[in-house]
Each structure stands twice: as C-alpha cells, then as structure tokens.
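Here's the structure, in structure tokens; my notes come after.
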Amino acid sequence: MKLITAVVKPHRLDEIKEALQAFGVHGLTVTEASGYGRQRGHTEVYRGAEYTVDLVPKIRIEVLAEDDDAEQLIDVIVKAARTGKIGDGKVWSLPVETAVRVRTGERGPDAL
Amino acid sequence: MKLITAVVKPHRLDEIKEALQAFGVHGLTVTEASGYGRQRGHTEVYRGAEYTVDLVPKIRIEVLAEDDDAEQLIDVIVKAARTGKIGDGKVWSLPVETAVRVRTGERGPDAL
Amino acid sequence: MKLITAVVKPHRLDEIKEALQAFGVHGLTVTEASGYGRQRGHTEVYRGAEYTVDLVPKIRIEVLAEDDDAEQLIDVIVKAARTGKIGDGKVWSLPVETAVRVRTGERGPDAL
Amino acid sequence: MNGTDTGFVLISAALVMVMTPGLALFYGGMVRAKSVLNMLMMSFISLGIVSILWVLYGYSLAFSGDQGGFIGNLDAIGLKGIDAASTVDSFVAGANGEPHKIAAFAFILFQMLFAVITPALMSGALADRVKFGAWMIFVALWVTLVYFPVAHWVWAPGGWLFELGVIDFAGGTAVHINAGIGALAAVLVVGKRIGFKKDPMRPHSLPLVMIGTALLWFGWFGFNAGSWLGVDGTTARMAINTQIATAAAIIGWLIYERIRHGAFTTLGACSGAVAGLVAITPSGGHVNAFGAILIGIVAGAVCSWAVSLKYKLGYDDSLDVVGVHLVGGVLGTLLVGLLATDGIGGLDQLGKQATGAFSVMGYTFVVTWIIAFAIQKTIGFRASEEDEMTGVDQALHAETAYDFSSAAGSHMSATTSSVAAPVSKKVEA
Amino acid sequence: MNGTDTGFVLISAALVMVMTPGLALFYGGMVRAKSVLNMLMMSFISLGIVSILWVLYGYSLAFSGDQGGFIGNLDAIGLKGIDAASTVDSFVAGANGEPHKIAAFAFILFQMLFAVITPALMSGALADRVKFGAWMIFVALWVTLVYFPVAHWVWAPGGWLFELGVIDFAGGTAVHINAGIGALAAVLVVGKRIGFKKDPMRPHSLPLVMIGTALLWFGWFGFNAGSWLGVDGTTARMAINTQIATAAAIIGWLIYERIRHGAFTTLGACSGAVAGLVAITPSGGHVNAFGAILIGIVAGAVCSWAVSLKYKLGYDDSLDVVGVHLVGGVLGTLLVGLLATDGIGGLDQLGKQATGAFSVMGYTFVVTWIIAFAIQKTIGFRASEEDEMTGVDQALHAETAYDFSSAAGSHMSATTSSVAAPVSKKVEA
Amino acid sequence: MNGTDTGFVLISAALVMVMTPGLALFYGGMVRAKSVLNMLMMSFISLGIVSILWVLYGYSLAFSGDQGGFIGNLDAIGLKGIDAASTVDSFVAGANGEPHKIAAFAFILFQMLFAVITPALMSGALADRVKFGAWMIFVALWVTLVYFPVAHWVWAPGGWLFELGVIDFAGGTAVHINAGIGALAAVLVVGKRIGFKKDPMRPHSLPLVMIGTALLWFGWFGFNAGSWLGVDGTTARMAINTQIATAAAIIGWLIYERIRHGAFTTLGACSGAVAGLVAITPSGGHVNAFGAILIGIVAGAVCSWAVSLKYKLGYDDSLDVVGVHLVGGVLGTLLVGLLATDGIGGLDQLGKQATGAFSVMGYTFVVTWIIAFAIQKTIGFRASEEDEMTGVDQALHAETAYDFSSAAGSHMSATTSSVAAPVSKKVEA
Ligand SMILES: Nc1ncnc2c1ncn2[C@@H]1O[C@H](COP(=O)(O)OP(=O)(O)O)[C@@H](O)[C@H]1O
Ligand SMILES: Nc1ncnc2c1ncn2[C@@H]1O[C@H](COP(=O)(O)OP(=O)(O)O)[C@@H](O)[C@H]1O
Ligand SMILES: Nc1ncnc2c1ncn2[C@@H]1O[C@H](COP(=O)(O)OP(=O)(O)O)[C@@H](O)[C@H]1O
C-alpha cells in the first residue's frame, strides 16, 4: 500500500474530495498546515511595526491507497488541486508496510 | 525503524498514551486532524442555512518504534483506540531510514 | 527522494528556516503539534482543581529532499534546532516513491 | 435647563454610543475569520466619519429650521450659535404643561449617535467584499444625501412626515427601514460574495455575536427610552416595552426555527433579540404590555422566515440587514399604527405609518442605488477577486484577526521594521 | 412622580439587564469549547422566558397584595391596571418624610430583571449535560413555583420574611441563596458530567470569563444601588460598598489560592469578584467601609475554599453555583446581621437573617428537587450520553461556537440548502 | 443633597469602573496568546488593591485638607467621619449660585476609580515580562507615593497646581501624563522583552482589542462628564466633545497610518480612539466643537507617529503607554491652554498647563524609577528568562488563556486532583 500526502491550497479541499469520491476513494485525513516556498507571503502592520509573514496557509491531506491505484490517485489529486498559480503545492507518496482499520483489526487493502 | 501513525478518535488519546507507556514507549507526537470516511458528519443551521459538515475531528499520533516492536505496538494502539463504532480510524506504519535525537545527535534506536 | 520530518521546539522555526535557506532548500511545510516525552509538562489550577498537562507544544516540519542531500539536510536541521535542553525533539527521514509539483505536474527532483 | 432630563439623555447617549461597537462585534462574529476585522472596521469607522459630519453640517441639515418639509437649513453649521447654555425641548412636560428644557449639546450628541449607527447597520449586508476606502466615501455620501434629510422628515418640526403625524418614537423609519432598504440597494449594486449559496460561510465566533448582542440590547435602552428626551412615565413604558418585545421576539424566532429547522440556535436567539429591538423601536412608547408581546413575537417569527428569502430571491444580503432591519422596522412601524393605545391607533394611523415607511423606502432605495453605482463606476466599490479570496483583513487592512499559535512561540517569520520603508502601497483599502 | 429616582431606576434596570448576558459569557468561558453555546443559551433564554412570565403573572404574584405572607394575588395579571402614570414608593424620602414616587413601569422592569437572572445563575451548575427544551420548562416552572413566592416573602409588604424584618437589600436571599440551593437540588437530580473528577475540564476561554466578569460587576452597581429605588446617601453607600467588598473579595480569593495552590489565577480573581458582589448584595446598604472590607475578604477566601467541596462531597456543581452563590449569599446575609450599623445589627438581627436564609434554603431545595425530578421522569432532563460526548452545542443546537479555520478557506465541506427540507428532526433540544 | 447630581456621579462611577476591565481587554488583545492572562490580571488587580488602599488612606491623602500644597492629611483615614449624609460640592451651581451638594460616598467612589485605572494604564508598558507579585507591590507603592500626591496637587483645593490654575478637567495630568511617564520610568528599569525588535509580537486577538475599546470609550463618558460632579450645560459640552475628539482622532490616526504604512488598520482605529479620549480628557470642558476636532485630529496623528519612537529610541514600551497616554495627555493639556474658550485660553494659560505637565513628569519619573529600581534590587521585578519564553500565563498564573481543542475531546492529559497536595510552590508569581 501507499500513503499519498498532498499539501495544497485550502480552498481546493472540496474539489479534491469530490474527485477522490468519483475515483472511488472514500476516506482521507486532513490537517491544517502552513507552507513556505516560492509563493510570497504578505505584510502586516501593527502600530507602525511591519511584519513580513512568509508562511502561507495550506492543508495537508493523507490518503491510504492500494499499490495499483496510487499513481492514478496522485494524478487525480494533482488535477483537482491545480489552480495554475504559484503555491499550488506538492503531492508525494510513501510506501506503507502495514495498515489496520482500528474498529475491526482488518489489515492491508481491507483496512481502507 | 518504523514510523507508526494512528488517526483515531480524540477522546482515546489518554488510553493510547497509557497503553504505550505500559508497553514501554515513552514518546509520541500528536497533531489535530479531521477525518472523512464512513462515519457521518453532522448538520448545522445558521439563520436557516443548513450546512452539512462531513469532516470529523480526529487526532493523529506518530510513534517512532524499533523494527521488532512495530507490529506489537500497532496492536497495542489498535486495542487502546478501539471503541467498536464506525470512525475508530486507521493505523499504519512506514519504514524509517534514519532517526535522530536533536539534543544529542544520537541516531537509530538510541534516538528514541 | 526522501521526506525529512522534524518535530522540534516552536521557537526554533526561524533558525531552521534560515539554515535550510543557506543550504539551498527553499520549501517546507509546517504543522502545529504537541509532543509527549522526557520533557515534563506543567500544572494548571482552575478553582482549586489541579491539572497536569503533559503535552508540550512542538512544531512539525516536513522537507522533501533529493536522496543525496538528505543526510546533510538532517544535520543542518538538527544543528539549527538544538538548544541542548530536554525536549529538543526528533528528526527522521522516510523514502519517497514519487513527488509531484501540483502546478506543473513535474515529478521527482524537478518537483522541489 | 432640567438637570434630571439632561443627565438622562447624556447617559442614554453613552448607551447609544456603545451600540455601534456592539454592532461591529455582532456582525464581526458572524463573518468568517478572514474578514472579521474589515467587518469591525466598517461599523466602527462610522463613529469617526459621521460624528464629524454631524457637527459640521449634519445636525444643521436635520434639525435647524425647515425648508419645504424636506431638509433643514445651514444656520447651525459647525454648531454655530450653540453653547453650554443652549437648550432644546424635552417631550417631558412640567406641572405647568411647559416642556422641560435639556442642554442642546445633550440632544445633539444623542442624535449624533443615531446618525452614526444607521450607516453602520448597512455594513453587514456588504460583508467580505468591498473596498474600505470606497465604503468610507459611501458612508459620508449616504448620511449626507439620505440620513440627514430622512431624519428631518421624521423628527424635525416642519419635516413632512413629522407634520403628517407619523409615529416614530425612536427610529423605526429613520434608522431601521432606512438602513435596511439602503442595504438592499447597495447589495444589488455590489453583487454577491464569491461562493454565495455554495461555500460554507458559517459564523466564525458565536460568542462574539453574543457579546455584540449584549451591548446592543443594553445600549438600546438608551436608544429607545432616551428618545423621550427626559424621564416620565412614558419613558418607563418605552423601557419596559423594549424588554418585553425583545424577550418575545427571542421566543418567536426560536419557535419558528425549531419547527422549520429542528434546533434552537444561539444565532437565532441573538437574531431574535435584535429583531424585537428593531420592531419595538418605533412603537414602544405607544403600546401596552400585550402590544409589546405581540409585536415581539411577530417580529421574531417573521424575521426568522425573512432571512431565508435571500437564498430564494438571490440577493446576497450577507448578514441579513434586510431580513432583520427592514422587515422588523416595517413590522414595528405598521403594527404601532394598529396597536397604539390612547386612542391614536387605527386604520387612519396605519395609513400614515405606511406612507412614512414606503416613502422612505422609495427615496432611500433610489438615492442609495445611485450613490453605490456612482462609486462602483468611478473608484470601484468591490474589492478584487483575489483580495476577497485571500480575505479582506489581510488584503485591505494588513492585519490578521487572531493568532493563537502555540504559546511557546510564533510560527510566523516576521521582521519588525517600523523604521524601514512603508509597506508597498499595493495594500489598497 | 420623581424624575430623578425614576431615571435612576431605569438606568439601573439597563445595567441589571446586561448582567444576564454577562453571566452567560462568564459561564460560557468556563466550559469546554464543545458546550459554550449551550451554556450561553441556558442563561440567555431566561431573558426570553422570564420577562414574559413576569408580565403575565409573575409581577402580580410577587408584588400585588399579599395572601398569608406567602404569595401575592392576581390583581395585576398582565400588568392590568398599570399605566404610564402609575407609581410605586421609592425608599428615598422627601424633606417632608414622604417617600418619593417612581414610575410603576420602572419598578416592574427593574424587578423583572432580578427574576430573569436568578434561574440563569443556576444554569452554571448543569453545564454540558441537559436537554435545552427541558431546561426551558425547568426555568418556567422554577420561577413560578420558587422565585415568585420567595421574592414575595422577602420584598413585598406582607411577605413573611419582610414582616419579620430580614435585611435583604438587593437580593442575597431571594436571588443568590435561592439560586445556589436550587442549583444544588437540580444537580443532585441530574447527576455528574461524564468524566467528572477524571477528565480535564478546563475553561476554554478565560478572556471570555473576564468579559463576563466586567459586565457582571458593572451591572451589579445597578442591581445593588438601584434596589434603593432612588438616589440618596444610602444609594451612594450601597454603591461604594459594592466596590469595596468586591475588591476585598478578589484579594481574599487570591490569597487563599496562592497559599493553597501556589498561584494567583485569573479565574480566581474573577471568581473572587463575583463572590464579593454576591456577599455585599444583601448587606451593602447597612455596613460601613470596614464592614464591607470584612465581608469581601471573608467571602473571597471562604468561597475559594468552598468551590473544592464538590470534589470531596462528590456532587458535580459544574461551575460552582453552590460554592459561590449559595456560600457567598449565606455569608453576606448572616454577616449583615452582625455588622449592620445604625443600631440594627446584633444577635437578634442575626437570628432573623438565619431564619430567612434557612427557610428559603429548605423551601427551595425541596421544590426545586421535585420540579427537576418530575422533568427527569417525564420528558427527561439529561441529554443522551452520545450528545454529551459529542458536545451539546453540535448535538442540541446544531451549531459550532468557533471556526478559526485558515483565513484562506474553510476546511469544511458544506452545502447551504436553506430552501431545501429542514434538517432531520433528530436534532433534539 | 442633590439627587440628580449624585445619581449622575454614581452612574458615571459605574462607567469608570468598567474602564479598568475594558483596559485589561484592550491590552490583553494586543499581547501574544501566551501572556494574555497576565496582562488581564495586571490591570484587573488594580481594582482589588487600589480600591482598598483608597478607602484606607488614599482618599484622605488626596482630598482631606492640605499640607503645603503637596498632600492631604489623615483626617479621613478609613473614611472616618463620613456617612451616608455627608456631602461634597459639585461644580454645578444652583440658581442662587451656591454649588449643589452630592453624597460624599458618590464622590469618593468616583475618585476611587480614577486611582484604580491610573496604575492599570501603566501595565501595558510592562507586558509579558514582570513577576506578578512584584507588580502588585509596585501598584501599592506607586499609588501611595505618586498618584495620591499628584491627585492632590491637581484636584484638591490647596493643591499647588490647583491653586496655580492648571486646567485638568478629568485627569490629563493626574491620570494620563502621570501613567505615561511612570510607564517610561518602569520600562527603563525592567528592560526590553526578549526578542524586542526581532521576534514577531503581533496582537493575538484584535476583536478583543475592539471589545476593550468599546468599554473604554463607553466608560470614558462617565470619566469625563462625571468629573463635573453633576449635570448642567458644561457636563453636556464635555460629553459631546468627548465624542467629537475621539472621532477626529480615529480619522487622524488612520490618515497618518494610511500615508505612512499603506493601510487603514483596526488596531490603528482603536488606538486612535484611545488617543483622542486621552487628549480630550483635560480639555473637553473648555473648548468648542472645532477645538475638539482639532485636538482629536492632532492627537490621533501625533500619537500614531509617536508609537514608532520606541523602535528608534530603543525602549520597549510594549503596548505604547508612552506613545498614547503620555503624548496624548501632554497634547491635550497644552492645547487646552491655547484653545480654551470663555477668555481663559492664551499664552498665560499655556504656561500654567506646561508647568503642570512638566512638574508631574519630573516628579513621577523620579519617584517611579526609584520604586521600580528598589523592587528590582530586592525581590526582583522581572520574570525569569525561562518563564518569559514559556509564557507568563503558564509560568506565573498556572493557567492557559484558551483551549479550543477539538470539540469531541481534549488533547490534554490531565488529572484533577484538587483534594491532593497543592502544586509545587515553584510557581512563582
Ligand atoms: N521541499 C519541500 N518540502 C516540503 N514541502 C514543500 C517543499 N517545497 C514546497 N513545499 C510545500 O509546497 C507549497 C507550495 O510551494 P511553492 O514553492 O510556494 O509553489 P509551487 O509548488 O507552486 O512551486 C509550500 O507552501 C510548501 O507547503
Ligand atoms: N483511505 C484513507 N486514507 C487516510 N485516512 C483514512 C482513509 N480512510 C479513512 N481514513 C481516516 O480514518 C477515519 C475513520 O474512517 P471511517 O471510514 O469513518 O471509519 P472506520 O475506519 O471505522 O471504517 C477517517 O475519519 C479518516 O480520518
Ligand atoms: N518515539 C517517539 N515517536 C515520535 N515522536 C517522539 C518520540 N519520542 C519523542 N518524540 C517527540 O520528540 C519530542 C521530544 O522528546 P523528549 O523525550 O521530550 O526529549 P529529547 O528528544 O530531547 O530526549 C517529544 O515531545 C515528541 O514530540
């Protein structure tokens, strides 16, 4: 199995979720994150003190996928997340050794 | 070494921590997360506008473990996290290449 | 490629970012986390009820790196994160199978 | 000069002052975290702009003399000729039947704060999406061309609605109908938020909404009871009816909501309170306890229904200024025509009330639309799509409302460079 | 009718009004983020329900006539026979010794708000775990069967404690002891929160607690000083003693806490303030500055100790209504018996005070227990275990208190479907 | 005793009371999330400490008699000899030219709250880094050695600045200049926050700042208008000028900020409001509307500039007590010298005003520096580096301001053990 992680723009979450649904993936885990990269941050001013904020809000999505689906899933996510502007983010996949569904103890593909 | 990640119901954190302690694991890292899956979300109403919220609060626990302990640890976590109801979550493990304790620079099992 | 994850003290973020910049890495992803380990927590009191809080605020940094840079990068991060006191945290690396830049679809090292 | 009445009006003025920040918080809690500061500022800035314009010429246009029933004159421009010894008449009369006198400054201050809150009320309709500079200009034009005349019509001797005998105890027509219809016109010009009816736009902090509600309700006692410009039994009646109608409207809103949507919500309770306060504003001095209960229940239930209209009709009145202030204001203004005691109420009075309500609606809609359109076509009213997506707080005000990042350190990289060059002027407000 | 006194009571009423939302915020800050809205609503709804019941029959039962010292009559039902010209006596007397007259509506409004806040005070004891519909019924029954009679006993001419000569300047017995003991009875019926004494239940927002404290303290000047129903030197004495005792109670609480638990806490300072306000409520009109300091210090320190009793004795009075309002109320009520100046204080008066305190405790405990038990056995008082675990905000009110999700977009998938079918009626409040 | 004037002062006192928690919230919103509670407490505790000291000896030292123009006597220690029938003179005069009498307790309470807020104002300068126990001692010493004498100088008959004819209607010199310069002295002793000019220290909650601003502004009507100790046309003038200048200062601050930094900020609007309130405090009773506008605009713009000075000059006045209260206070105090109407204003008066401002600055700077230095050298004023890094809330108050952790459960492992041993005394406040 693979763990696909995507760090993307927050407002793309809905599109990604729908695209995954359409593909047949019905579970994912989301965390709030901040990213640093090419996309520039912004400046804030408080009583004349100017702050450069260079972290940009992102969300981080994790999806466990069967080996065979992984590549296609990555494409699905990339497509759904894309706006074409700098800061669209990254998607990467890691090899998973074991995956278990807590409720039943099922392992491997059955755990999804 | 392995990295065991568990995405589980928030109120199971204490049980999991105690179970890990009992097993002899004394460190872990926690992040707040939201999950999407079989467990249904809920509906909210604001001035007559109804929102379906389908993300459910979860916590995400990471534990670095020695290779030999990994399988057992997974079982320990799964047992402690289980409530038997839909939405109990997933546990998975990944192969780790290097692990370092920042304070000392120790690597591998000594880093834990 | 590798995914390097560092769980460190929050106020070291700036140093780490600068050290990575100096090394030539221009992107990273940050999440807020809480850690449990040797570092002791603290006690709070609310109307005579005393709470032991044993999770400590941490940040979790992820950096995708080319295979050849990985070891050196780990050292750079460890150095920048170190205060020498208990609770400095851990750094680990995982093998990455694929990495994609969402905006362009570039894969592998080009995705960074 | 009557000290008691002057003192009461001064304290009432302080209470009315706190309504505008209260409104800011009420609205601020309802928007998303990315535009709360802009929302706060849209209300709050009215305290800055309108107070000054009121002193410069607003008071004079509204209350000094009369020209054709439509507007005052310029004799009191810059408060010319008014000093600490000047007085105006209270509605309270002495034993001899003569009206009590109160300090003119107290009256001017009290009325100033009515002028302040009225445009602030409109701001909720435009949440999340207008340029702040344009909003400031809008406020200045709107009070000048809309509020000052309408206040004259309704409250100044000589004003045509005043002379007609329209009852508007504390501002149902001049304040709430006026703001509600103005909001509708502005919304039609400015257009919908990106994602309206599609994206979730739930309130980011209901406790903040509750804080705002508390300050509004509290201040409203000054708004309503203070409008009698002194203390007698009518003042007390207005005060108790304010409480009764507000309570009833909470109940009315919640019952409707429970039946229609299945839950008693906090936002509903707060909204109901405001709807009740709006509806009792024109009417509370002239109805008995049952009248107040009726007005409250009706206002609560009807406004609870009315806030959903925007989804059906497709105008994006973001925080329901139309649904609450226009609808509630009209209800209160018409109902007092029917329910007024002391032999005033009846179909005849109802006709007058309707005349007042609809003429203000007509005038204000047209003039507001023109103002908003003119701004839109010249400097632009609406923020850029990118700024709206990012959030107007960051884009226009160069601020973030909250930073709860972990106690032990910020996750932000920032450099304080106050002595360095100002930020790029791209920040456009 | 005396304008000064009427005006003072009206403004005091506005101040007392703001105490109930203030209390809502004070309590709301103390619960976990998953039940803050429910907590706000439990207090706030009292403004809706009790204001109406007061007008319908509460005022009449409490203050119109007397039947056997126990309850009033129904002559003033629906405020029958009362109009803007009606008056009641102030405690302030004119030069001729005659009491000043104030507008009856002012008095009725002022007293209405006392009736409103008393059940709201109890809500803190039941945080996180009761059905909202059941709570509304509880409030309605409780004010009818408990508050209206007890208010009659203590404050109405003819009421048996009034005639006995019990001192209860502004409501130590009728409000605080009453609410405190009622809370205890209700808690014993409803039971403990899941996880009591085991799970962490720390306040989710202490700044919110501070906001609530500010509004409570502010409003309490109206509550205490306004109870004299007019302005003279006694009013001023009550006001200054209110400040003195509150200050002293902050110090008392903090010192106890520092010694016992090692830190000066913010929650302690706020709690101490409330304890002082409670204790000075019955007593502040009759003690001198040293008396006020003493009452404050004692109330602060003793309540600081008393809030831990629930862990020892095992009743889950979630936000310490017993520890603060019952204990503080009893302390103030008894201490004024000893410390009252002007020759009133002494063992004899102490006996009367104790009679008042304990008879109310007995009556209210029993009746409240019966009401709560009846509700529990019929429609059910307690929320389901699942709803309590999920959080009553989401489960009962279909809302979430906060959404701070990243400025640039929501992490929620939601569809606005206000024109669609109402949500499933499974949402049970 | 005049009921109207006494009532007005009592209500004004309640308004002034709420300013201190308002200030706490205003400051609390501006600090980082790890020290908000400490900030709240530093202001709030002044209500506890100073109220008591005022009753014990502060009032007597400030207002009872005079010794050499410098200080009062001890005749009224513990409010000896004062009862509900005692009176003091209002500035309001009856038809016969005799001053009205108000209840002495009302005056003492009103002035008490001035003494309370003045040290609280200083706390913002020391945010994030002082020991709470040391701060409490500092407050007690500072009011005793600085505030009580200076209040005597300015406001008590016999006080040397009073006799000189310095105009300080409501406390520009005694309150704002005094607190501002005291803050500067304290800051110079205590030193900079770790990370000053390097780390981001942005406000953690601007809505909280807005709530604080609302309460401050509201309460300031009591502060300013109440200072006339009764109601007449001058009271009304003070009230309206308070509003006008505050409005103008918002505009002034925002314009400066827009030009210099490119954005209209919320923090700027709130800060401007406070700057305007500060500047109109000494002056508002003696200027006309244009004077008020001028004072406001100037105060807004100049303070907006002045808050950046600390970065240039290198003193860490964390929340700009110097930039707002000292600068604003001096501006108002001097400008009224020039702009006062009724033939008072002019170069001569300007000289008196300058004498008042600079003598207080000199005295207070020196005495405050000595107090702070003495504390620093004995028990230590500054928190440990570790506590400052961790956050003083957790380290000194054993609390966390917020816990928004996911509704469905806490992420904290905690054990409630209130019946167990107290926490280790390492928690040092
Ligand atoms: N080397 C990296 N490791 C981990 N995350 C990265 C890395 N580089 C970028 N990211 C993440 O991707 C986001 C987008 O990157 P950025 O360089 O701004 O734009 P783009 O990917 O479009 O070139 C960043 O905000 C960050 O969260
Ligand atoms: N494919 C997946 N990849 C990553 N996380 C998942 C996946 N499926 C489910 N999850 C996580 O597991 C949680 C529980 O899943 P759910 O399907 O609701 O119940 P269960 O695991 O009991 O069948 C989800 O909320 C989500 O956080
Ligand atoms: N086995 C582990 N797996 C994952 N994270 C861990 C593990 N042990 C420690 N950590 C993380 O590292 C942080 C520091 O660990 P700690 O034991 O307190 O200090 P140190 O690493 O200096 O010995 C913890 O707060 C936690 O976030």
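The sequence lines fix the lettering, A, B, ..., with proteins before strands; numbering per chain opens at 1. These values consider heavy atoms only, across backbone and side chains, with no hydrogens, waters or symmetry-generated copies.
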Within a strict 4.5 Å, meaning less than it, do heavy atoms of the D:Leu113 and F:Gln243 side chains meet? yes

By a 4.5 Å heavy-atom criterion (distance strictly below it), what part of D:Ala85 contacts chain F: side chain, backbone, both, or neither? neither

Closest approach of F:Cys270 and D:Phe44, non-hydrogen atoms and distance? N-CE2, 4.3 Å

Contact origin within F:Ala269 toward chain D - heavy atom pairs under 4.5 Å: both

Chain F: which of D:Ile11, D:Ile108, D:Thr6 shares the most heavy-atom pairs with it under 4.5 Å? D:Ile11

With heavy-atom distances below 4.5 Å as the criterion, would you say the side chains of D:Trp54 and F:Ile244 are in contact? no

Output for pair (F:Thr266 OG1, D:Leu40 CG), nearest 0.5 Å, gives 6.5 Å

Straight-line distance of D:His397 NE2 to F:Phe264 CZ, nearest 0.5 Å: 9.5 Å

With respect to chain F, which residue among D:Ala103, D:Pro21, D:Gly3 yields the maximal number of heavy-atom pairs within a distance under 4.5 Å? D:Gly3

Could you check which of D:Leu79, D:Leu15, D:Leu47, D:Asn38 has the highest count of heavy-atom pairs closer than 4.5 Å to chain F? D:Leu47

With heavy-atom distances below 4.5 Å as the criterion, would you say the side chains of F:Ile211 and D:Leu25 are in contact? yes

Do D:Asn2 and F:Thr4 have side-chain heavy atoms sitting under 4.5 Å apart? no

I need the minimum non-hydrogen distance between F:Ala247 and D:Gly48, along with the two atoms involved. CB-O, 3.5 Å

Hey, are the side chains of F:Pro207 and D:Val36 touching, using non-hydrogen atoms and a 4.5 Å cut-off? yes

For F:Ala292, is it the side chain, the backbone, both, or neither that has a heavy atom closer than 4.5 Å to a heavy atom of chain D? neither

Quick one: of D:Val18, D:Ile102, D:Val55, D:Leu37, who has the most non-hydrogen atom pairs under 4.5 Å with chain F? D:Leu37

For the student: nearest non-hydrogen atoms of F:Leu267 and D:Glu399, plus distance: N-OE2, 2.9 Å

Counting heavy-atom pairs under 4.5 Å to chain D, which of F:Ala214, F:Gly219, F:Gly195 comes out on top? F:Ala214

Calculate, to the nearest 0.5 Å, the distance between atoms NE2 and CZ belonging to F:His204 and D:Phe404 respectively. 5.5 Å

Flag side-chain contact, heavy atom, 4.5 Å: D:Asp403 against F:Arg32: no

Measure the spacing between CG of D:Leu109 and OG1 of F:Thr242 and express it to the nearest 0.5 Å. 8.5 Å

Chain D contact via F:Leu206 - which portion, at a heavy-atom distance below 4.5 Å: both

For D:Ser35, which residues count as a side-chain hydrogen bond (donor to acceptor under 3.5 Å, both in side chains) partner, sequence neighbours excluded? D:Asp128

Rounded to the nearest 0.5 Å, how far does CE of D:Met41 lie from CG of F:Leu254? 5.0 Å

For F:Lys192, does the NZ atom sit with more than 12 other heavy atoms under 6.0 Å from it, leaving out its own atoms? no

Hits for ring-ring contact (aromatic ring centres under 6.0 Å, His included) against F:Phe196, two or more places apart or cross-chain, chain-then-number order -> F:Tyr311

Ring centres under 6.0 Å, that's the criterion: do F:Phe218 and D:Phe218 meet it? yes

Relative to chain D, which segment of F:Ile240 carries a heavy atom at a distance below 4.5 Å: side chain, backbone, both, or neither? both

If you tally heavy-atom pairs under 4.5 Å between each of D:Met112, D:Met17, D:Met1 and chain F, the highest tally belongs to D:Met17

What I'd like to find out is whether the side chain of D:Phe105 reaches to under 4.5 Å of the side chain of F:Met238, using heavy atoms alone. no

Out of curiosity, D:Asp83 CG to F:Asn288 CG, how far, rounded to the nearest 0.5 Å? 10.5 Å

Are the side chains of D:Leu56 and F:Phe290 in contact, using a 4.5 Å heavy-atom criterion? yes

